[in-house]
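Reminder, nothing fancy here: chain letters follow the sequence lines and each chain counts from 1.
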Protein chains: 2
Amino acid sequence: MRAMVDSEAPSTTRSRERTRRKLLDAAAQVFAEVGLDAASVEAVCDRAGFTRGAFYSNFESKDELFLELSGIVANERVEAVRSRVGELESVGGFDTQPANAFAIIEQVLDVSADDRLSVLLMSEIRIRALRNPDLAAAYLQQEAEMQRGVAQIVTDIGRAKGIEFRVSSDEAARIMLLVWEGAAVRAAMSGVEADELRRRTSTELALVAQLTIHDPQRP
Amino acid sequence: MRAMVDSEAPSTTRSRERTRRKLLDAAAQVFAEVGLDAASVEAVCDRAGFTRGAFYSNFESKDELFLELSGIVANERVEAVRSRVGELESVGGFDTQPANAFAIIEQVLDVSADDRLSVLLMSEIRIRALRNPDLAAAYLQQEAEMQRGVAQIVTDIGRAKGIEFRVSSDEAARIMLLVWEGAAVRAAMSGVEADELRRRTSTELALVAQLTIHDPQRP
DNA sequence: TGTATCCGATACATAGTTGTATCGTAAAAC
DNA sequence: GTTTTACGATACAACTATGTATCGGATACA
């Protein structure tokens, strides 16, 4: 009976799921640290506290695991942005100052690149996408989704604050995402700690946000 | 006597230099295509039309070659920007329309990411820099140099055209570089051809350039 | 023409990685 | 409590890449 309740594989034990998750987590770390190609299956297993037997019992190959991991990361990012957008829309009020109204967007984007490991992992996924059409399509689609979310926030802020923009919300969102990512990569490259990394990307984003705003009083 | 003229190694034959260059060129291609780790020394040699004997006769290891290659690429980029800046400054006149005054900057930046292979190679260098402090320092320094060049152009254009900017030329240059690179990566990911890639990045850059300009008449 | 030198090719020893096949054990089913 | 099943560990075979040591030939030079 329980088998009918579960959607996919009824036989998979709960402990097996834990093993999969541990392997995925370990893989995320190792892939970020040394890159997919330099990461041996054994290194991933060592990190997870298993041997390769566990690995091949759970995954076809390293590539298959990477594909699944990419999907998970992408979903998490999109979902995090979406939920933030949902929160903000339901609350309706933006009680931040006009000057740093875009702090909300920082919060939204924080979900994507908040620490060095995330930056590295996303960079790894991105460079694989550059070389693999399938991954590229998935990557671009996920990014478009995030862009929609950010554009929505931009629109909402504009409406709530009576802000006029010099470009469309889509364009603003796209530029913000690009700058955000670039700044995060540079910060990570400088070897700064997580909070400093966050501070730098925020500063850069604030600058861009300011640029997109059309302020008739003080241009 | 000729030995005294040459700077470094007097004994290196001209043909040896050609071999080195061929290996470096081949390596650039292969590294871009599959990444440094996945690129075997033999694959590089095959592409160059040599065997590994030639490789190890000319380079310590794959890493050493990559380091040298990175240096060359970085120098070329910086030098290209610098020479463009030099040209523009010496000429003095900017006969482009105010609307697309920043087409000049596109020209300047074109040297850095004009085709898919360059985008891939720079992405590879960037992700290595993310994982290696020495490379990171070199990368950031090279980028700072480019930023200075672009900022100089921005300043010159502003002066020549009587344009006011909403941010400092340095900030404008930094954002432009970030957006330029991000756009180039996305375009390359879409699998578009070289000229379409160029068109997309130009469009994105024009948008940012427009944002940085403060036009009192039509804000 | 003979000789020396240089440079790239070839051969080989070694290490590391992958995937599979088998085994042992712990938990589930009866 | 016994049997069965599932899951991860272990052992193994094949492959690939690396780096070194040696070889052969072309080129420069006398």
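What separates CZ of Arg20(A) from P of dG8(D) is a distance of 11 Å, to the nearest Å. Summarising the geometry, the separation between CD on Glu64(B) and C1' on dT18(D) is reported as 15 Å, rounded to the nearest angstrom. In this structure, Lys22(A) places its NZ atom 12 Å from C1' of dG8(D), rounding to the nearest Å. Rounded to an integer number of Å, the gap from CG of Asp46(A) to C1' of dG8(D) is 14 Å. Put simply, CZ on Arg14(A) is 17 Å from P on dA6(D), counting in whole angstrom units. When rounded to the nearest whole Å, the span between CZ of Phe59(B) and C1' of dG8(C) equals 14 Å.
Using a cut-off of 4.0 Å between Lys/Arg side-chain N and Asp/Glu carboxylate O, Arg186(B) and Glu181(A) are scored as salt-bridged. With respect to the salt-bridge test (charged N to carboxylate O, under 4.0 angstrom), the residues Glu145(A) and Arg82(A) qualify. The pair Arg128(B)-Asp37(B) meets the salt-bridge criterion, since a charged nitrogen lies less than 4.0 angstrom from a carboxylate oxygen.
Phosphate proximity of dC7(C) to Asn58(B): absent, as no side-chain N or O sits under 4.0 Å from OP1 or OP2. For Arg16(B), a side-chain nitrogen or oxygen approaches OP1 or OP2 of dG8(C) to under 4.0 Å. Side-chain nitrogen and oxygen atoms of Thr19(A) include at least one within less than 4.0 Å of the OP1 or OP2 phosphate oxygen of dG8(D). For dT27(D), the OP1/OP2 oxygens have no side-chain nitrogen or oxygen of Ser15(B) closer than 4.0 Å.
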Give each protein N/O atom lying under 3.5 Å from an N/O atom of nucleotides 16-26 of chain C, with the pair distance.
unit_1	atom_1	unit_2	atom_2	d
dT18(C)	OP2	Val41(A)	N	3.2
dG19(C)	OP2	Tyr56(A)	OH	2.4
dG19(C)	N7	Arg52(A)	NH1	3.1
dG19(C)	O6	Arg52(A)	NH2	2.5

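Considering all non-hydrogen atoms of both residues, Phe31(B) and Ala39(B) come closest at CD2-CB, 3.6 Å. Closest of all the heavy-atom pairs between Met146(A) and Val78(A) is CG-CG2, 4.2 Å.
Environment of CD in Glu64(B): crowded, with over 12 heavy atoms of neighbouring residues, nucleotides or ligands closer than 6.0 Å.
Under the side chain to side chain donor-acceptor pair (under 3.5 Å) criterion, Glu196(B) pairs with Arg199(B), Arg200(B), sequence neighbours left out.
With dA9(C), dC7(C), dT10(D) as the choices, the nucleotide that has an atom nearest any side-chain atom of Phe50(B) turns out to be dA9(C).
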